[in-house]
Amino acid sequence: MLIETFIRKQLRLKAHRVTKVESSEDSLIIFLDRMGQRLLRCGVCRKRCLHIHSVRKEREWQDLSMRQSRLILRYGPRRVECPRCGVRVEEVPWAEPWARVTRALSNAVARWARELSWQGTARQYGLNWKTVAGIVKRAVGYGLRNRKRLPVHVIGIDDVSRRKGQVYLTVVYDLERRVLLWVGEDRTEEGVKKFFTEEMGRRRCSTLQVVCMDMWAAYVNLVREHAPQAQILFDRFHIVKHLQEAVDEVRRSEMRRLMGREKVTFKSTRWLLLKNPWNLTGEQKERLSTLVRWNTPIVRAYYLKESCQLFWEYRQPKRAQDYLRKWMSSAMRSRLEPFKKFVRMLRSHVDGILPWTKLRLSNGAVEGMNNKIKSISHRSFGFRSAQYFIAAIYHCCARLPLPVEC
Ligand SMILES: [Zn+2]
C-alpha cells in the first residue's frame, strides 16, 4: 500500500486526497488536495455545496506523531457557496473549524490531560500550555452539551478554596453515582443559585431527596427555595471539622497563656508530668499542680471532642437526639468559649443533623474527588483565572464524554 493511501484511510478522507508526503528530519508533511469534483461541506451548517468560490491560502494542522516524526497536514481550504449561509470556508473532516491540531490529536491530548498536568501533557505532545488549555476547554464544552442529564436524588454541596482560602469555588456532586455535577465560582447565594436554575432546572430539582452540605446559610436558603421537598443533611465531615477547630482553638489559647504567665518550657513540663509524683520536690510539686490547672481546659476539650463523636454511632433517632442534647448541655457548662460557639451552631442546625441516624450519608463518599481537585490546584500553577480551574475540575471529575472522532 502506498503511504498516500494509508494516510487517506487513516484520516478517513472522502472528498480529499493525499497528493504527496515530504519527510524532513523530524516531521512528515502531508499535502492534501480536493478529490476530483466531490462535494465539499459548508463549515457552518455542514450542508454539501455544489459551487466553489475560491481557494484560501494553505495552512497546517498538527496530527498525532508517527514514531519520532511529527505529522503535519497541509491544505488550502476552499471557500464554498452555501445556499443557506453564503460564502463560507469548507468543513474539513480531520479538525474543528478553528483548530490548528487534528481531532485525533486533540482527543489524545484531552485524554492525557485527565491524568497529567496541562504542562506535562503539553510537553508530551510538543504543544504549548495554551493549546492544551484550549483543547480541554473545548472538550469540556462539548462534554457539558452532550452529557446525559439523568434524574438526581442525592447531592452533596461542598466548597473548594483556591489561593490559600481567598477564593472559593462551590462543587456539587451526585452522591449516588459519585460524579461531579457542577462547579461554580464563589459560595454566595447568588453564585450557587445557577446550579439550581441553570444546571438543574425546576423539573430536575423536584426529584431531589437529600442534600448533604455544610452549615452554611447560603446553601440552606437555596435548597429551601428551589428544592423545598429535599431533606437537608448537615455533613458529618464538616461538623467534625468544626469540632476539631474548637479543640484547636482551646489548645492555642491555652498555649498562649502558658507562655505568657510563666517561663515554663515545654520540655521541663513534660518531664514533670512523667516523673512519679512522690519523687518530686516541693517546688516541683507546685509547678506540676499549676500546670495541671492550666491544662484542664485542654483535657476537657479533648474529652468533649471524643464524647461528641459517639453521636455518629446511634441508629435510633430518639436516643441520638437525647444523647446530642445531653452532650450539648455539658459542652455549654464547660466554660470553653469555642465549644459554646460550636454548640450554638449545632442548636440552630439540629433539624439537619439528626436525620443522620437514618440516612447515614455524607460527602465523605466523594472525598477522593475532593482530593483530586486539591491535587489539580497544586499541580497547576497556570490557573490564574478561575475559568481554567473550573474546566480542569469538570474534565477530571465529571466523567464527560469526549468529542467523537469521525
Ligand atoms: Zn451553510
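All heavy atoms count here, side chains included; hydrogens, waters and symmetry mates do not. As the structure lists them, so they are numbered: ligands from 1, and atoms in each ligand from 1. Model, not experiment: these values are computed from the prediction.
With a 6.0 Å radius and a threshold of 12 heavy atoms from other residues, nucleotides or ligands, Arg344 has its CZ atom above the threshold. Summarising the local packing, CZ of Arg319 is surrounded by 12 or fewer heavy atoms from other residues, nucleotides or ligands at distances under 6.0 Å.
Between Phe342 and Trp327, the ring-plane angle classifies as perpendicular under the 30° and 60° cut-offs. Using the six-membered ring where Trp is involved, Tyr75 and His16 have ring planes that are perpendicular, over 60° apart on the 30 and 60° scheme. Ring orientation note: the planes of Tyr388 and Trp129 are nearly perpendicular, at an angle over 60° on the 30°/60° scale.
Checking Lys20, Arg38, Arg78, Arg8 one by one against Asp33, the salt bridge (Lys or Arg N to Asp or Glu O under 4.0 Å) holds for a single residue, Arg78.
Of all protein N/O/S atoms, those lying under 2.8 Å from the Zn ion (ligand 1) come to 4.
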